[in-house]
A.B. asks: 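Take this structure first; my questions come after.
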Amino acid sequence: MPSAGGCQGVNQGERDAVSTVRELLARSVELPPDSARRDAEILLCHTLGRSRSWLYAWPEAEVAAQQQAVFEQLLARRAAGEPVAYLTGTREFWSLALKVTDATLIPRPETEILVEWALSLSLPSDASVLDLGTGSGAIALALASERPAWQVTAVDSSAQALAIAADNAACHGLSRVRFLPSDWFAALPGERFNLLLANPPYIDAADPHLQRGDVRFEPRAALVAPEGGLADIRRLINGAAEHLLPGGWLLLEHGSEQGASVRALLQDAGFFAPQTRLDFAGLERISGGCLHAE
């Protein structure tokens with residue numbers, strides 16, 4: 001019969017067992033299938049402080065037990081549905097690595113279409129721009145990084161979100177962006193801009209998508225709006241005229257089935273020839289217009 005010491009030695013060895021990069025990545029089968037391998041790679045890179053190219057170059061590298069334990073905890077949280085961006089605390093948007101928490105929406109590629117449209121407009125070289133409901137600061141910082149002479153203001157009603165946005169601005173040397181606490185236009189009486197942009201709440205409270213994927217963990221106030229998801233969009237459109245300079249533009253992200261409604265609201269509010277841009281799936285996603293014909 002093995003001695004007590006022998007048994008203890010076996011158990012200790014089991015506790016100290018290490019896995020290779022390849023073996024840990026194979027555990028991606030435990031994750032939601034849509035992006036399982038990519039998610040596992042991102043979580044392991046975050047745990048090890050390495051790049052994905054390093055993982056490919058060193059698949060047989062052994063991972064220390066302590067790091068393996070951290071990875072396994074992250075893997076379990078992802079398997080339960082928690083977004084990768086919240087697990088790592090970062091998400092890339094417009095080539096900017098942005099800090100995100102559960103106080104902010106996770107920036108998505110579709111919102112880059114809004115940025116592209118804004119950058120394509122014929123605006124003054126020192127245009128004044130207002131990002132409404134900035135969250136992590138994604139839109140405001142993307143524009144400021146591309147147009148250094150633009151005067152960019154970003155507002156949000158969440159103090160936590162504003163703090164994160166300001167941190168992101170500092171990290172990327174974009175401290176000239178002005179951040180203000182505001183319920184939409186409330187803190188900006190008398191101020192006018194060449195461009196207003198927003199990715200406002202636009203999901204109806206009864207929408208079943210709220211029970212799926214990453215949105216289950218994102219701040220509900222930044223997702224859901226009354227009146228079939230159009231309440232905040234309507235408020236922004238109706239208030240825009242008081243805050244736009246002649247020839248100014250308003251661009252809004254919205255739900256894939258809301259394009260016609262948003263264009264009608266823009267038309268009724270005096271915007272000239274409202275347009276809609278499609279997302280990567282070919283769905284109506286961004287609508288906007290100029291307050292006066294040019």
A.B. asks: Would a distance-only check, ignoring hydrogens and angles, find a side-chain to backbone donor-acceptor pair under 3.5 Å from Arg192 to Ala241?
C.D. replies: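 Judged by distance alone, yes, a pair lies under 3.5 Å.
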A.B. asks: Using atom types as modelled and distance alone, determine if a side-chain donor or acceptor of Glu82 lies under 3.5 Å from a backbone N or O of Phe217.
C.D. replies: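 Side chain of Glu82 to backbone of Phe217, a donor-acceptor pair under 3.5 Å: no, none is there.
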A.B. asks: Can you find a heavy atom in the side chain of Leu195 that is under 4.5 Å from one in the side chain of Leu121?
C.D. replies: yes
A.B. asks: What's the shortest heavy-atom distance between Leu245 and Ser128, and which atoms?
C.D. replies: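 Closest approach of Leu245 to Ser128, heavy atoms only: CD1-OG, 4.1 Å.
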A.B. asks: Quick one: do Trp54 and Leu25 end up in the same hydrophobic cluster if we chain Ile, Leu, Val, Met, Phe, Trp and Tyr together by side-chain heavy atoms under 4.5 Å apart?
C.D. replies: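 Shared cluster, yes.
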A.B. asks: Charged N to carboxylate O below 4.0 Å: is that the case for Arg285 and Glu253?
C.D. replies: no
A.B. asks: Quick one: does His172's side chain have a donor or acceptor within less than 3.5 Å of a partner on Ala97's backbone?
C.D. replies: yes
A.B. asks: Between the side chain of Arg108 and the main-chain N/O of Ile106, is any donor-acceptor distance below 3.5 Å?
C.D. replies: yes
A.B. asks: Output the distance between atom OG (Ser95) and atom CD (Glu112), rounded to the nearest 0.5 Å.
C.D. replies: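 Reported value, rounded in 0.5 Å steps: 8.5 Å.
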A.B. asks: Counting heavy atoms not belonging to Trp58, are there more than 12 under 6.0 Å from its CH2?
C.D. replies: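 It does not: Trp58 CH2 has 12 such atoms or fewer within range.
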A.B. asks: If Ile, Leu, Val, Met, Phe, Trp and Tyr residues are connected whenever their side-chain heavy atoms lie under 4.5 Å apart, and connections chain through other members, are Leu44 and Val29 in the same group?
C.D. replies: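 No.
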A.B. asks: Please determine whether a side-chain nitrogen of the Lys or Arg among Arg263 and Glu284 lies less than 4.0 Å from a carboxylate oxygen of the Asp or Glu.
C.D. replies: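 The answer is yes: the pair qualifies as a salt bridge.
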A.B. asks: Out of Leu197, Leu196, Ile139, Thr153, which residue meets the side-chain contact (heavy atoms from CB on, under 4.5 Å) rule with Val129?
C.D. replies: Leu197
A.B. asks: If we count only N and O atoms by modelled type, under 3.5 Å, do the side chains of Trp184 and Asp232 hold a donor and an acceptor together?
C.D. replies: yes
A.B. asks: Minimum heavy-atom separation for Ala205 and Leu210, please, with both atom names.
C.D. replies: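 Heavy-atom minimum between the residues: O-CD1, 3.6 Å.
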A.B. asks: Taking all atoms of both residues into account, what is the closest heavy-atom pair of Ala154 and Ala140, and its distance?
C.D. replies: CB-CB, 3.9 Å
A.B. asks: Mind running side-chain contact (heavy atoms from CB on, under 4.5 Å) on Arg52 and Arg38 for me, showing each step along the way?
C.D. replies: CA-CA 9 Å; Arg52 290 171 76 184; Arg38 178 177 179 274; 3.8 Å; yes
A.B. asks: State whether the number of non-hydrogen atoms from other residues, nucleotides or ligands found under 6.0 Å of Gln66 atom CD is greater than 12.
C.D. replies: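 No, because the 6.0 Å sphere around CD of Gln66 holds 12 heavy atoms or fewer from other groups.
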A.B. asks: For the side chain of Gln151 and the backbone of Asp126, is there at least one donor-acceptor N/O pair under 3.5 Å apart?
C.D. replies: yes
A.B. asks: Using a strict threshold of under 4.0 Å (side-chain N to carboxylate O), is an ion pair present between Asp183 and Arg235?
C.D. replies: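 Judged by the 4.0 Å cut-off on N to carboxylate O distance, Arg235 and Asp183 do form a salt bridge.
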A.B. asks: Within a strict 4.5 Å, meaning less than it, do heavy atoms of the Leu252 and Tyr202 side chains meet?
C.D. replies: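 The answer is no; the side chains never approach within 4.5 Å.
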A.B. asks: Can you confirm whether Glu227 is buried at CD, in the sense that more than 12 heavy atoms of other residues, nucleotides or ligands lie under 6.0 Å from that atom?
C.D. replies: yes
A.B. asks: Are Phe71 and Val63 side-chain neighbours, meaning at least one heavy-atom pair lies under 4.5 Å?
C.D. replies: no
A.B. asks: Mind checking whether Pro208 and Arg212 have side chains closer than 4.5 Å, heavy atoms only?
C.D. replies: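 Yes, their side chains come closer than 4.5 Å.
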A.B. asks: Run the side-chain contact (heavy atoms from CB on, under 4.5 Å) test on Leu87 and Ile42 for me, step by step, so that the C-alpha distance in whole Å, both residues' side-chain angles and the decisive distance to 0.1 Å come before the verdict.
C.D. replies: CA-CA 10 Å; Leu87 295 176; Ile42 292 172; over 6 Å; no
A.B. asks: Tell me if a side-chain donor or acceptor on Asp156 pairs with a main-chain N or O of Leu162 at a distance below 3.5 Å.
C.D. replies: no
A.B. asks: Distance-only, no hydrogens or angles: does the Arg176 side chain make a donor-acceptor pair with backbone N or O of Ala144 under 3.5 Å?
C.D. replies: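 Such a contact is found between Arg176 side chain and Ala144 backbone.
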A.B. asks: In the structure I gave you, are the side-chain heavy atoms of Ile164 and Val100 within less than 4.5 Å of one another anywhere?
C.D. replies: no
A.B. asks: Within a strict 4.5 Å, meaning less than it, do heavy atoms of the Asn168 and Leu96 side chains meet?
C.D. replies: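 Answer no - side chains too far apart.
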A.B. asks: State plainly whether the residues Arg178 and Glu191 are in salt-bridge range, i.e. N to O under 4.0 Å.
C.D. replies: yes
A.B. asks: Would you kindly confirm whether Leu251 and Leu278 end up in one hydrophobic cluster when ILVMFWY residues are joined by side chain heavy atoms under 4.5 Å apart?
C.D. replies: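 No, it is not one cluster - the side chains of Leu251 and Leu278 are not joined through contacts under 4.5 Å.
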A.B. asks: Would you mind reporting whether Gln258 and Ser287 have side-chain heavy atoms less than 4.5 Å apart?
C.D. replies: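 No, too far: nothing below the 4.5 Å cut-off.
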A.B. asks: Going through the distances and angles, do Tyr86 and Arg77 end up as a side-chain contact (heavy atoms from CB on, under 4.5 Å)?
C.D. replies: CA-CA 10 Å; Tyr86 289 162; Arg77 291 169 64 186; over 6 Å; no
A.B. asks: Check the orientation of Phe185 and His243. Use parallel for under 30°, tilted for 30 to 60°, and perpendicular for over 60°.
C.D. replies: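 Parallel.
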A.B. asks: One pair to check against side chain to side chain donor-acceptor pair (under 3.5 Å): Trp94 and Glu146. What are the steps and the verdict?
C.D. replies: CA-CA 10 Å; Trp94 202 265; Glu146 294 287 347; 2.8 Å; yes
A.B. asks: Report the residue from Asn199, Ile286, Leu230, Thr276 that forms a side-chain contact (heavy atoms from CB on, under 4.5 Å) with His254.
C.D. replies: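 When Asn199, Ile286, Leu230, Thr276 are each tested with His254, the side-chain contact (heavy atoms from CB on, under 4.5 Å) holds only for Thr276.
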A.B. asks: Do Leu48 and Leu55 make a side-chain contact, defined as non-hydrogen atoms from C-beta onward lying under 4.5 Å apart?
C.D. replies: yes
A.B. asks: So, for Leu188 and Val155, which heavy atoms are closest and what is the spacing to 0.1 Å?
C.D. replies: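 Closest approach of Leu188 to Val155, heavy atoms only: CD1-CG1, 4.1 Å.
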A.B. asks: How close do Leu141 and Ser136 get, heavy atom to heavy atom, and via which atoms?
C.D. replies: CD1-O, 4.3 Å
A.B. asks: Give me the atom names and distance for the closest heavy-atom approach of Asn194 to Leu123.
C.D. replies: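 Smallest heavy-atom distance, with atoms named: O-CD2, 4.1 Å.
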